[in-house]
Amino acid sequence: MALRAAATRSMFAGLAPPGLRRFCSTASANSFMPPPIAAMGNGEGTPGREQAPPSTNLFVSGLNKRTPSEKLREAFSQFGRVVDARVVTDRVSGYSKGFGFVRYATIEEAEKGRVGMDGKFLDGWVIFAEYARPRPERTPPQNMSNSNGYNSYGRE
DNA sequence: CCTGAGCGG
C-alpha cells in the first residue's frame with residue numbers, strides 16, 4: 001500500500017515543527033530518538049550557559065510567531081496562577097520575536113509550570129520554559145540619583 | 001510575507 005505512505009507524509013507535512021531540528025541535527029527524521037541530555041561531565045565549568053536562578057519570571061522560547069500572549073497565559077495557567085504573560089514583539093516590525101515571558105504568582109507555581117510546559121507543544125511548535133534572568137525593568141543599577149535606593153529588579 | 005536562536009517596555 002503506497003497510499004498509506006503518502007497519507008502519512010501529508011499528515012506530517014501539515015504540522016512539522018522545524019524546532020525539532022534542534023534535537024537532532026544529523027539524525028533521520030524517521031527515527032524517534034530521545035534528546036541528548038547534554039554531557040554532564042563538565043561539573044561547573046560552563047559559564048555563560050548557566051541557567052538563571054529560580055524566580056517567578058519564566059522565559060519561554062520556541063514559541064510560534066503567531067502565538068498571542070493570551071495563548072501563552074492560557075497554556076501556562078494550567079499549572080499555576082499566571083500574573084503576567086507577554087509575548088515579546090518587535091517595535092519596528094510589530095511581529096513576535098518567537099519568545100515570551102510568563103510571570104507566576106509564586107515560585108512554586110513557576111516551577112510547576114516550567115517543568116510542565118517545558119518541551120510541550122504549542123501551536124505546533126516545541127516550546128522551552130526556563131527561568132528568566134534577573135533584569136532591571138526601568139532604573140538601571142547605574143547612577144543612583146534617588147536616595148531611596150529602590151531597585152526594580154524583576155526577581156520574585 | 002516572516003524564513004527560528006534567542007532574555008522584553
Side-chain angles (χ1 to χ4, degrees), chain A residues 9-30 32-39 42 44 46-77 79-146 148 150-156:
Chain A
R9 193 198 178 277
S10 197
M11 184 179 66
F12 275 97
L15 40 92
L20 285 177
R21 49 189 251 181
R22 299 173 64 189
F23 282 126
C24 37
S25 302
T26 54
S28 307
N30 216 9
F32 287 96
M33 53 163 57
I37 315 174
N42 262 354
E44 292 187 10
T46 48
R49 297 291 185 181
E50 194 73 16
Q51 290 181 236
S55 52
T56 51
N57 260 7
L58 252 59
F59 172 69
V60 187
S61 51
L63 293 172
N64 199 330
K65 304 230 174 156
R66 298 159 255 190
T67 302
S69 307
E70 290 78 37
K71 192 67 181 289
L72 243 179
R73 165 170 271 182
E74 186 181 352
F76 275 78
S77 61
F79 298 91
R81 300 181 187 180
V82 179
V83 180
D84 184 33
R86 174 194 298 105
V87 176
V88 178
T89 51
D90 193 84
R91 276 195 292 184
V92 291
S93 62
Y95 255 88
S96 315
K97 288 185 178 178
F99 56 90
F101 293 90
V102 178
R103 176 171 291 186
Y104 278 92
T106 56
I107 306 184
E108 299 175 342
E109 292 172 293
E111 168 72 17
K112 188 165 61 174
R114 188 207 115 218
V115 183
M117 287 300 299
D118 185 40
K120 290 305 190 308
F121 285 86
L122 190 63
D123 281 0
W125 284 75
V126 186
I127 67 178
F128 294 91
E130 50 182 82
Y131 298 110
R133 297 173 180 170
R135 176 172 268 229
E137 292 183 359
R138 271 300 175 90
T139 53
Q142 213 170 2
N143 183 16
M144 277 201 247
S145 299
N146 225 349
N148 287 338
Y150 273 95
N151 285 15
S152 300
Y153 278 92
R155 204 176 299 181
E156 184 192 17

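Naming convention: chains lettered A, B, ... in sequence-line order (proteins, then strands); numbering from 1 in each chain. These numbers come from the heavy atoms of this one structure, side chains and all, not from hydrogens, waters or symmetry mates.
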Original post:
Do A:Leu58 and A:Tyr131 have side-chain heavy atoms sitting under 4.5 Å apart?
Top reply: yes

Original post:
Once you round it to whole Å, what is the distance between P of B:dG4 and NZ of A:Lys97?
Top reply: 17 Å

Original post:
In whole angstrom, what separates A:Phe99's CZ from B:dC7's P?
Top reply: 7 Å

**OP:** Compare the minimum distances between each of B:dC7, B:dT3, B:dG6 and the side chain of A:Lys65, then state the nucleotide with the smallest one.
**Re:** B:dT3

Original post:
Which nucleotide in the list B:dG6, B:dC7, B:dG9 gets nearest to the side chain of A:Ala132?
Top reply: B:dC7

Original post:
In whole angstroms, how far is the C1' atom of B:dC7 from the CD atom of A:Glu130?
Top reply: 8 Å

Original post:
Distance-only, no hydrogens or angles: does the A:Arg73 side chain make a donor-acceptor pair with backbone N or O of A:Val83 under 3.5 Å?
Top reply: yes

Original post:
Side chain of A:Phe59: nearest nucleotide among B:dG6, B:dG9, B:dT3?
Top reply: B:dG6

Original post:
Between B:dT3 atom P and A:Arg66 atom CZ, what is the distance in whole Å?
Top reply: 6 Å

Subject >> A:Glu111: salt bridge (Lys or Arg N to Asp or Glu O under 4.0 Å) partners, not counting sequence neighbours >> reply: A:Arg114

**OP:** Please report, rounded to the nearest Å, how far the C1' atom of B:dT3 is from the CG atom of A:Asp90.
**Re:** 15 Å

**OP:** Name the residue closer to the 5' end of DNA chain B, choosing between A:Asp84 and A:Ser93 according to the nucleotide with the nearest heavy atom.
**Re:** A:Ser93

**OP:** State whether the aromatic ring of A:Phe128 stacks on the base of B:dG6, taking stacking to mean ring centres under 5.5 Å apart and ring planes under 30° to each other.
**Re:** no

Original post:
Can B:dG4 be described as syn, meaning its chi torsion is within 90° of 0, or is it anti?
Top reply: anti

Original post:
If each of A:Phe101 and A:Gly94 is mapped to the nucleotide of DNA chain B with the nearest heavy atom, which maps nearer the 5' terminus, i.e. the 5' end?
Top reply: A:Gly94

Subject >> Closest to the A:Trp125 side chain, choosing from B:dG4, B:dG6, B:dT3 >> reply: B:dG4

Original post:
When all nucleic acid strands are considered with a 4.0 Å heavy-atom cut-off, which category describes A:Leu63: base, sugar-phosphate, or nothing?
Top reply: base

Original post:
Counting only heavy atoms not in A:Glu130, do more than 12 fall under 6.0 Å of its CD?
Top reply: yes

**OP:** For A:Ser96, answer base if it contacts any base atom (sugar-phosphate contacts may also be present), sugar-phosphate if it contacts only those atoms, and nothing otherwise; contact means non-hydrogen atoms under 4.0 Å.
**Re:** nothing

Subject >> All side-chain hydrogen bond (donor to acceptor under 3.5 Å, both in side chains) counterparts of A:Asp123, not counting sequence neighbours >> reply: A:Thr67, A:Lys71

